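Worksheet: one structure, shown below.
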There are 2 protein chains.
Amino acid sequence: MPSAAVPATEPPLAASGRPEGGASPAFSPLYQQIKTLMTRSLRVGEWRPGEAIPSEIELAARFKVSQGTVRKAIDELSAENLLVRRQGKGTFVATHAEQKNQYRFLRLMPDGDEAGRVQRRFIDCRRLRSPADVARALALKPGDAVVNVRRVLTFNAVPVVFDDIWLPGQLFKGLTAERLSDYKGPMYGLFESEFGVHMIRADEKIRAVAADAVSAPALAVEAGHPLLSVERLSFTYDDKPVEFRHGLYNTAGYHYRNALS
Amino acid sequence: MPSAAVPATEPPLAASGRPEGGASPAFSPLYQQIKTLMTRSLRVGEWRPGEAIPSEIELAARFKVSQGTVRKAIDELSAENLLVRRQGKGTFVATHAEQKNQYRFLRLMPDGDEAGRVQRRFIDCRRLRSPADVARALALKPGDAVVNVRRVLTFNAVPVVFDDIWLPGQLFKGLTAERLSDYKGPMYGLFESEFGVHMIRADEKIRAVAADAVSAPALAVEAGHPLLSVERLSFTYDDKPVEFRHGLYNTAGYHYRNALS
DNA sequence: GAGTGGTCTAGACCACTGA
DNA sequence: CAGTGGTCTAGACCACTCG
């Protein structure tokens, strides 16, 4: 039960949140304020990926609200995949290192049944100055330091995905091809444990394109072969963009799955 | 306040749902049972798309549970987009006819800003016997009657989407090209109001393909041009498949957007 | 003002986990 | 067994909509 790093007192809750508060210019429910405070604890690293957060009863005491209010805050954070509840055990900070989350962001599936072994092969990892489009996506200034990683994913030894990845240099100091290759598990797991960057969500733009001189050899297809182009912008806490990635998928025998609801 | 069609009594709730119930072989919480009952009311058409369902207090009385339990059931149905809550007004059955849901299932967006005018042009609408693959997807027997619709969507008069749509003949008796053309609004709105079929969710499989002899002229591109292939299986209540659709999208100037979380 | 959904509380008890 | 999250209840009050 680690409770050392917990501040003795919390900032007072906004008056407007309590029912007694005056009128309602920008009313914010209590559980929303609790949610914000908890997100802050996640962002600053008071609670780390994989660890248990304090119990609902403890949090209720700490925030001076009822357990039900804490519960509603946790419910939402859990629906957003920031936390994971485990009955009888506690509530834990979500992590990309878990088995279940291994492929949370990789939507490519084989058409048939067999799962297939996924392997990562890193082509290069360079530090350089940000091109204009990357800077815009990552909310950097053009010319700021960025890290560019290129890699291929193989399914059963067949190259299927070619990724061109851009990261803010400031956050990823010391990222090298060796560290990428040596790490067992998904890249986002390494980002989390080695650089303290936790990917929360991402937006993707998908198009059909023709393989060009760079991608064709990497995926062992002829130039002009149709490929799925997947442009991804990933965010950490507070909607801060921290990864810009352009993927090219060979969808012969595979498909990008999506659930609409 | 329509209350005529409401049955005077509800079937008794499973004993295991009440805390006093014996052991717990397949324990199901009360709110889950309420959810099932409410889904049934939706499926059989007691509550129709666009209409208000009874208030939480009424439902609590009807099901003989507390308002909080009904609330939790509605919360989940609302999260699944089956119901829509409107503070101060009531809770309503979701409908595809609403402005907000117009493009809930169409994820194609222009790369730039302008929204663009969407137009639907129907190529044909035929009744025929189901091919094997369509039958499998729709859980029909091969040879069962199906309706096949083909259409093109244009954005600002430019053809962008070519859809090949398959529907169970049993459910869509009397669907013709005229009715499709005459209907103002999205196709799922017509399915809902004219055939009582409400699409709840869908699964899509996305690939990159080359335009062939059929799709190339329809989308005004050359054969071999890369297109996004979107295979969609749509479901109504109780995970019953009711539409199988193969779309081809020209993603020059457009993209399929997706949010990962 | 009456009726709706939305928030918050306090308390009881259940289901699950692990020592 | 104690401790965790999960369910259910009853009641109070707030915010919103509309007549």
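This is a predicted model, so every value here is computed, not measured. A note on names: the letters A, B, ... follow the listed sequences, proteins ahead of strands, and every chain is numbered from 1.
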D/dG5 OP1/OP2 closer than 4.0 Å to side-chain N/O of A/Arg71
no

Toward the 5' end of DNA chain C, which comes first, A/Gln32 or B/Ile57, by nearest nucleotide?
B/Ile57

Would you mind reading off the distance between A/Phe27 atom CZ and D/dC16 atom P, rounded to a whole angstrom?
8 Å

Rounded to whole angstroms, how far apart are CD1 on A/Ile74 and P on D/dT7?
14 Å

What nucleotide among C/dT9, D/dT9, D/dG6 has an atom nearest to a side-chain atom of A/Leu30?
C/dT9

Contacts of A/Arg136 that satisfy salt bridge (charged side-chain N to carboxylate O under 4.0 Å, His left out) - sequence neighbours left out:
none

Kindly determine whether B/Tyr256 and B/Glu204 satisfy side chain to side chain donor-acceptor pair (under 3.5 Å), including the steps that lead there.
CA-CA 12 Å; B/Tyr256 182 108; B/Glu204 294 194 329; 2.4 Å; yes

Whole angstrom is fine here: how far is it from CD in B/Gln67 over to C1' in D/dC14?
13 Å

Phosphate oxygens OP1/OP2 of C/dC8: is one of them under 4.0 Å from a side-chain N or O of A/Tyr31?
no

By salt bridge (charged side-chain N to carboxylate O under 4.0 Å, His left out) - contacts of A/Asp182 (at least two apart):
none

In whole Å, I'd like the distance from the CD atom of A/Glu56 to the C1' atom of D/dA2.
16 Å

Short side-chain N/O contact from A/Thr69 to OP1 or OP2 of C/dT7, under 4.0 Å:
no

Between A/Ser66 and C/dA10, is there a contact of a side-chain N or O with OP1 or OP2 at under 4.0 Å?
no

Using atom NZ of A/Lys35 as one end and atom P of C/dC8 as the other, report the distance to the nearest whole Å.
13 Å

Looking at residues 75-89 of chain A, who's got a heavy atom less than 4.0 Å off DNA chain C?
A/Gln87, A/Gly88, A/Lys89

A/Glu51 side-chain N/O to A/Phe92 backbone N/O, donor-acceptor pair under 3.5 Å:
no

How many whole angstroms separate atom CD1 of B/Ile34 from atom C1' of D/dT7?
13 Å

For A/Phe92 and D/dG3, give me the distance from atom CZ to atom C1', rounded to whole Å.
12 Å

Which residues pass the salt bridge (charged side-chain N to carboxylate O under 4.0 Å, His left out) test with A/Arg86, sequence neighbours left out?
A/Glu98

What side-chain donor-acceptor pairs closer than 3.5 Å can you find for residues 76-83 of chain A, not counting sequence neighbours?
unit_1, atom_1, unit_2, atom_2, d
A/Glu76, OE1, A/Lys35, NZ, 2.8
A/Glu80, OE2, A/Lys35, NZ, 2.8
A/Asn81, ND2, B/Ser261, O, 2.3

According to salt bridge (charged side-chain N to carboxylate O under 4.0 Å, His left out), who are the partners of A/Arg43, at least two apart in sequence or on a separate chain?
A/Asp238

B/Ser55 side chain near C/dG3 phosphate (N/O to OP1/OP2, under 4.0 Å)
no

Using a cut-off of less than 4.0 Å, is there contact between a side-chain N or O of A/Lys72 and OP1 or OP2 of C/dT7?
yes

